[in-house]
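As a basis for the values below, the full set of heavy atoms in this structure was taken, side chains included, without hydrogen atoms, waters or symmetry mates. These numbers were taken from a predicted model, which means no experiment stands behind them. In this chain, residues are counted from 1 in sequence order. Every number for a ligand or one of its atoms is a count from 1 in the order of the listing.
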Amino acid sequence: MKVPLLDLKAQYRPIRAEVMAALEAVCDEQAFILGAPVADLERDIQSYVGVSQAIGVASGTDAILLALMACGVGPEDEVVTVPYTFFATAGSISRLGAQPVFVDIKPDTYNMDPALLEGAVGPRTKAILPVHLFGQCAEMEPILQIAARRNLPVIEDAAQAIGATWRNRKAGSLGQAGCLSFFPSKNLGGFGDGGMVTTDDQALADRVRMLRVHGSRVKYVHEAIGVNSRLDALQAAVLRVKLKYLEEWTKGRQRNATRYDALFKQANLLGRVTLPTVIAENRHVYNQYVIRVSQRDQLRAFLQEHGIGTEVYYPSPLHLQVCYKDLGYGPGSFPYAERAAQETLALPIYAELIEDQQAHVVETIKKFYSGS
Ligand SMILES: *Cc1c(COP(=O)(O)O)cnc(C)c1O
């Protein structure tokens with residue numbers, strides 16, 4: 001039995017005709033950059049996330065970059081974030097000449113430890129950038145409190161968390177701005193790159209809209225040095241179709257997560273495998289179902305031999321990356337991030353996964369630990 005990490009073909013098959021019709025409509029118009037499909041998607045995302053403004057951009061990375069730019073982040077500034085995330089979180093800060101300042105994660109949720117945040121905020125801090133990792137919101141209450149006390153904007157990296165909620169409020173609506181990614185493997189994935197900034201702040205939204213077209217509100221009049229980062233109409237057309245199914249797919253992911261939890265318990269593996277922890281006030285959307293194990297790399301190879309796809313998110317925390325040598329961190333700076341990088345493994349969790357496949361995953365993990 002084969003169990004791939006992700007099966008986008010299985011997701012595509014039942015919606016193929018609908019997607020093709022949407023693509024055809026854009027091709028017939030021959031209007032590819034922004035335009036009506038993007039404006040329509042922006043409205044759909046506004047109502048899904050529960051914000052008054054949404055701005056389509058070229059990627060999740062650019063959503064972070066543009067949200068930070070709109071908050072005035074530049075050289076000499078610091079932005080506080082986590083070292084255990086996809087590179088884009090910190091890379092976007094550095095692209096603006098600002099400096100990422102890392103705080104460690106919590107060992108159970110892999111999200112920012114708010115207890116460490118206060119100590120990382122200094123006179124040069126310009127924003128706080130928590131990540132809702134794997135599809136679960138960071139602990140927003142203390143983060144928002146510290147930000148309010150220091151009068152700092154919170155930019156949410158919600159790239160993995162569309163549809164996740166904290167106290168019944170959606171990811172992307174909790175801080176000053178939220179950053180979504182439509183990379184194909186995200187819960188709402190396009191047929192290429194895409195992203196969106198979400199906010200309730202009209203002035204911030206206007207700045208992002210200006211910055212995504214070379215800092216221009218009026219054609220050929222440039223009031224700031226922006227970038228070329230627009231969502232294209234073909235992506236928006238695909239995403240509008242797929243957004244209609246997002247809740248159904250999310251429920252599928254949640255059902256599969258519950259099933260894994262039960263299967264691991266039944267298999268008596270809880271001494272070997274640490275399951276994902278979900279905070280009571282959160283709705284987890286499982287962009288990834290991540291377990292923590294010892295002998296992670298050997299287990300991963302064993303699963304691969306048995307036809308099971310897995311992934312390591314992320315094998316090296318950002319403070320140990322070559323490009324961040326000059327930040328002055330080293331091994332031991334963020335012990336929980338470093339430990340997670342050694343021990344976590346993402347299992348297949350996509351909505352179309354069937355129970356037999358999940359049973360095969362758990363049995364194979366059982367076999368690995370019985371043999372060792
Ligand atoms: C995917 C991702 C991004 C970047 O999104 P892209 O659309 O690939 O540019 C940023 N942060 C996190 C946590 C991500 O998972």
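Among protein heavy atoms, the minimum distance from atom 14 (C) of ligand 1 is reached at Lys186 NZ, 3.2 Å. Protein heavy atom nearest atom 11 (N) of ligand 1, with residue, atom name and distance: Asp157 OD2, 2.7 Å. The shortest contact between atom 15 (O) of ligand 1 and any protein heavy atom is with Gln160 NE2, 2.8 Å. For atom 5 (O) of ligand 1, the closest non-hydrogen atom of the protein is Ser181 OG, 3.3 Å.
For the pair Lys170 and Tyr48, the cation-pi test (distance below 6.0 Å, angle within 45°) is passed.
Among the atoms of Gly60, some N or O lies under 3.5 angstrom from an N or O of ligand 1.
Checked for salt-bridge contact, Arg296 and Glu343 miss the test: no charged N lies under 4.0 Å from a carboxylate O. A salt bridge does not link Arg169 to Glu156: none of the charged nitrogens lies less than 4.0 Å from a carboxylate oxygen.
Remark: Tyr336 OH to Leu116 CG distance equals 9.5 Å, nearest 0.5 Å.
Those atoms of ligand 1 with a heavy atom of Thr89 less than 4.0 angstrom away are 11 (N). Close approach of ligand 1 to Ala159 (heavy-atom distance below 4.0 Å) involves ligand atoms 2 (C), 3 (C), 10 (C), 11 (N), 12 (C), 14 (C). Shown in contact with Ala88 at under 4.0 Å from a heavy atom are these atoms of ligand 1, numbered in order with element: 4 (C), 10 (C).
Counting heavy atoms only, Thr61 comes closest to atom 9 (O) of ligand 1 of the residues Val82, Ile64, Thr85, Thr61.
Residue pairs that meet the side chain to side chain donor-acceptor pair (under 3.5 Å) test with at least one member in residues 141-153, sequence neighbours left out, are Glu118-Arg149, Glu118-Arg150, Glu141-Gln145, Glu141-Arg167.
Using a distance-only test at 3.5 Å, with no hydrogens or angles considered, a donor-acceptor pair links the side chain of Tyr329 to the main chain of Phe102.
In this structure, His319 has its ring center under 6.0 Å from that of Phe334.
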